[in-house]
Structure formats: C-alpha cells, structure tokens
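All values below were derived from every heavy atom in this structure, side-chain atoms included, with hydrogens, water molecules and symmetry-related copies excluded.
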Amino acid sequence: MQLQDKIFIAGVVGAGGAGFPAHVKAKSKVEFVLANGAECEPLIHKDYELMLHFPKEIARGFDLLIESTSAKKGFFGIKEKNIKVISAISEHLNGKTELTKLGDFYPSGDEFELVYEATKRLIPPAGIPLDVGCVVNNVETLYNIALAEDEIPVTKKFICVAGAIKKPSSFFVPVGTSFKDVIEFAGGPKLSEFGIFVGGVMMGHLTFDLNEVVTKTTAGIIVLPKDHYLIKRKNQPEQNWHRIGKSACDQCSYCTEFCPRYLLGYQVEPHKVMRSLGFTKTGASVWNQMAELCCSCGLCTLYACPEDLYPKEACDKAKVEMREAGIKFVQQKEAKVHPIKEGRRVPLPQLIMKLKLQDYDVEAPFNSKILSVNNVKIPLQQHIGKSAKAIVRKGEAVEEGQMIGKIPGDVLGANIHASIKGKVSEVTSECISIES
Ligand code: SF4
Ligand code: SF4
C-alpha cells in the first residue's frame with residue numbers, strides 16, 4: 001500500500017493547529033519538503049519535547065514524505081536557540097536535508113515565513129506552499145506519518161500544559177480527553193478561578209469549560225488566573241472590541257507596521273480595516289479587503305497597538321463580511337519583502353513580557369507516563385474538510401485504534417479512531433463518546 005493510503009486510513013492531520021488531512025500532501029509532487037519545528041506560541045513547548053525525545057520517528061516520517069513526494073530536498077526548520085534538539089534531530093537526517101536555523105521570533109512558525117526563510121520563495125498572495133513547489137508539515141504530523149507507515153492510527157495527542165499549573169509538562173493523551181483530566185494530570189491548577197487558552201494565547205481560543213476535549217490539533221492548553229490581563233482582554237463582549245476601536249483608533253498604523261504578512265510583502269493593512277468599523281456595510285468593503293490575506297497571528301492586537309485595541313478581531317470580522325458579500329480581494333502587485341522586515345521582527349521574550357506571561361515562562365518537560373482515562377468524547381470533525389461519519393452504534397464494544405468515523409472515497413477529510421478500549425455510550429452527529 002502507498003504511503004498516502006496508509007496516512008489516510010490512519011487519520012493523520014496537520015497537528016500544528018490547522019488540521020489539514022496529511023494524505024493530500026503526501027500524494028503531491030514537489031521540489032521541497034519542509035519540517036516545521038519552529039514552535040513560536042508563548043509557553044508552548046510540545047514540539048521541542050517531541051523533537052528531543054522522538055527524533056528518530058520524526059526524521060523517519062520526514063524521509064517517507066520526501067520519498068513519496070519525489071522531493072529533491074528537505075528543509076528542517078528549528079530555532080537556533082534549541083541546541084539540544086538540533087543535535088538530536090541532526091543525528092537522524094539524511095544527506096538530502098538541510099537544517100534551517102530560525103531566530104526566536106513570533107511568528108517564525110507561520111508557513112509563509114518558514115517557506116521564505118528556507119527557500120527564499122514567496123508563496124503567492126492567497127496561495128499555498130504547493131504553489132512554490134513546497135509542502136510543509138509540523139513535526140508531530142511527521143511523527144504520526146511514521147506511525148501510519150506501521151499502520152498505527154492517530155489515537156493520542158501530544159500536548160503541553162502550562163501557565164498557572166502545578167507541574168507544567170508535555171505528554172500524550174487519548175484524543176477526546178477532557179481538559180479537566182488533562183489539568184489534573186499536570187498537577188492541577190494553582191488557583192480556583194482560572195481560564196484556559198486552547199492552542200495558545202496568540203492564536204488559540206479562550207474557554208472556561210473543563211468538559212472541552214483534546215482533539216488531533218490541540219497543541220496545548222495554557223491555564224491563567226481569571227483576572228490575568230490576557231483573559232480580561234479576550235473576555236470582553238465582541239461588540240466592545242469594535243465599538244471601542246471605532247472611537248479610539250487614531251490611525252497610527254503601528255498594527256500594519258508590525259504585521260508579519262505586510263512585512264513579507266502582502267497587502268494586509270489592519271489600520272485600514274479599522275477604518276471600516278466607522279462605515280456602514282456598503283462602504284466598509286473598501287477597507288475590509290485589506291484583511292483578506294491576514295493569518296490571524298494576533299500580533300497587531302496583542303503587541304503592536306499602543307492603545308490596546310483589537311485590529312486582529314476587526315480583520316476576522318472583515319473576512320467574514322467579505323465572504324458573506326461574495327467579495328474576494330486579489331492582490332495585483334507582486335509580493336515583495338519590505339526592506340525593514342528584519343528590523344521589525346518581534347523577539348519572543350519581548351512578546352512574553354508584553355503579554356505579562358514572564359512568571360509562567362518555564363520549561364514543560366516530557367512526562368513519559370500516558371494519561372489513562374475511563375471516558376472520552378471524540379469529535380467527528382477535527383480537521384479541514386467534511387466531518388467523518390460514525391460507523392459504530394451506541395452499546396457497541398470497541399478496541400483502541402478501531403476506526404469509528406469514516407470519510408468516504410474522494411472527499412477531503414480524515415478518519416477517526418477509538419482512543420480507548422470500551423463501550424460506545426453515545427453517538428451524535430458531532431461526536432462519539434466511549435466509556436471503558
Ligand atoms: S495600532 Fe491601534 S491605534 Fe494604531 S492604527 Fe492600529 S488599531 Fe489604530
Ligand atoms: S493578525 Fe494582525 S498582525 Fe497578524 S497577520 Fe493579521 S493583520 Fe497582520
């Protein structure tokens with residue numbers, strides 16, 4: 001069986017956050033394959049720990065992908081500061097692969113940034129790495145590809161639990177495990193009133209619901225006191241973000257000047273999008289178009305704006321309005337890297353200070369014990385594409401690794417597998433619950 005078919009059966013998706021089905025990338029033909037080990041979300045260290053403890057498996061997944069795509073070369077992106085990881089990974093890389101050493105900046109893990117750093121090619125506006133002969137995979141995806149080659153499906157997720165937690169750490173958990181169980185496994189919270197950033201403080205979402213579950217794309221969870229600056233900022237009603245922005249934005253354009261996509265040469269100009277807040281819907285689209293190529297990295301809102309406004313959220317809103325109105329912005333001018341790009345990069349330690357996270361900026365060492373739970377709730381949609389269709393019924397006994405949600409034929413999506421052995425206790429159109 002070909003690698004792409006094994007990956008499809010095993011339900012491997014991009015583990016870095018996007019959840020793009022990995023078999024699609026494995027069947028493409030490209031010049032370069034890139035491994036993304038840049039990890040730049042503050043406090044999250046799961047890729048670092050995975051590369052340190054499983055370099056052989058990651059390098060194997062990488063080699064398999066280079067072979068299946070007929071790539072002539074691989075680039076492995078790692079931060080230059082991670083000396084121990086560079087040494088662990090280097091031992092297993094073959095002659096076709098070059099290390100791309102990256103600075104400690106945010107967002108060095110953005111694939112537009114990584115492709116440019118490694119190959120000096122710019123992905124066309126609104127394009128994908130494939131447009132410039134590349135595919136990019138997060139290191140955990142490569143680890144899962146190595147398992148898929150041995151016909152082991154994705155049933156566990158490697159996550160980092162950090163912040164106001166007694167034992168910040170990184171470990172494997174069964175997909176579908178509740179945040180409550182995960183937080184307890186990391187020693188419990190340091191306080192009774194807290195919120196949780198899922199996937200990171202910059203690009204993740206905020207929740208107070210301990211029954212939310214880990215999916216194939218959960219990179220980590222950051223626990224913070226309920227009165228922390230970031231929770232207070234994020235927990236404002238959405239209309240406040242835009243109402244305050246409408247009256248207080250003085251068009252200083254710092255949000256645009258620090259925008260990593262703007263600095264790469266794309267027409268992303270959040271200060272112009274802020275203008276749209278003061279317009280009626282008929283006039284707003286003129287400015288909203290400057291949001292189309294925004295990657296929602298959050299830097300404008302959480303770092304650049306001197307007035308603590310919400311330009312990223314204005315861009316998110318603009319993108320939705322543009323989609324609803326059927327307007328698609330097409331950048332006419334060629335993307336060209338801004339001459340000041342290097343001087344405007346945001347060092348991670350500086351970002352951590354700005355976010356008031358310095359007290360939580362500690363290591364999250366690997367805990368080799370696998371969290372064992374007696375119930376999981378596994379979403380059928382953990383990926384880009386169509387939702388998987390349940391193929392088990394309530395009351396049915398399932399084995400760990402058994403396929404329980406299937407994607408038919410040529411449809412874009414990913415299969416879902418039981419993450420623990422037990423009995424199916426509930427099946428809905430959205431998830432399958434299993435109790436052991
Ligand atoms: S940085 Fe803040 S105040 Fe300045 S233009 Fe952007 S949103 Fe407005
Ligand atoms: S979130 Fe802000 S800084 Fe990031 S890409 Fe979008 S506009 Fe640029």
Side-chain angles (χ1 to χ4, degrees), residues 1 4-15 17-24 140-141 144-145 147-148 150-159 161 171-185 196 198-199 204-205 207-221 370-436:
M1 198 188 301
Q4 67 211 47
D5 299 321
K6 289 183 175 178
I7 293 174
F8 175 66
I9 291 169
V12 183
V13 304
F20 190 78
H23 66 279
V24 180
E140 190 182 350
T141 314
N144 285 332
I145 286 174
L147 295 188
D150 296 336
E151 299 179 20
I152 301 169
V154 182
T155 59
K156 300 201 172 46
K157 181 74 187 77
F158 194 60
I159 62 164
V161 182
F171 46 86
F172 285 102
V173 302
V175 170
T177 300
S178 72
F179 291 169
K180 180 174 177 293
D181 288 341
V182 165
I183 290 171
E184 284 308 318
F185 193 66
I196 303 163
V198 185
H205 72 272
T207 184
F208 297 96
D209 183 1
L210 288 170
N211 292 319
E212 266 193 47
V213 298
V214 172
T215 71
K216 291 180 191 178
T217 61
T218 311
I221 63 177
I370 294 175
L371 168 57
S372 152
V373 288
N374 51 24
N375 61 75
V376 288
K377 189 172 174 181
I378 305 175
L380 288 161
Q381 174 93 60
Q382 304 180 40
H383 48 260
I384 289 174
K386 285 267 182 220
S387 182
K389 204 166 171 310
I391 53 170
V392 288
R393 293 214 185 111
K394 186 175 173 180
E396 205 172 318
V398 289
E399 291 295 324
E400 183 187 330
Q402 181 182 328
M403 194 184 290
I404 55 172
K406 199 170 172 23
I407 286 290
D410 288 342
V411 175
L412 182 69
N415 296 316
I416 306 285
H417 301 78
S419 58
I420 59 171
K421 177 182 174 173
K423 198 173 256 189
V424 176
S425 57
E426 191 179 27
V427 178
T428 69
S429 55
E430 277 156 21
C431 60
I432 298 172
S433 301
I434 302 170
E435 283 176 20
S436 63

Side-chain contact, heavy-atom cut-off 4.5 Å: [X] with [Y]?
X    : Y    : value
F179 : V214 : yes
F8   : I407 : yes
E140 : K157 : yes
I420 : E400 : no
V173 : D181 : no
T177 : F185 : no
I416 : K216 : yes
T215 : T218 : yes

**Asked** Closest heavy-atom contact between S436 and K421?
**Response**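 In this case the closest contact between S436 and K421 is CB-O, 3.3 Å.
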**Heavy-atom pair of closest approach, residues T428 and L380** =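 Residues T428 and L380, closest heavy atoms: O-CD1, 3.7 Å.
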Could you tell me whether a side-chain N or O of [X] sits under 3.5 Å from a main-chain N or O of [Y], the two making a donor and an acceptor?
X    : Y    : answer
H23  : I9   : no
E396 : R393 : yes
S419 : P174 : no
Q4   : K6   : no
T141 : A15  : yes

**Message:** For L412 and I384: C-alpha separation, side-chain torsions, deciding distance, then whether side-chain contact (heavy atoms from CB on, under 4.5 Å) applies.
**Reply:** CA-CA 8 Å; L412 182 69; I384 289 174; 4.1 Å; yes
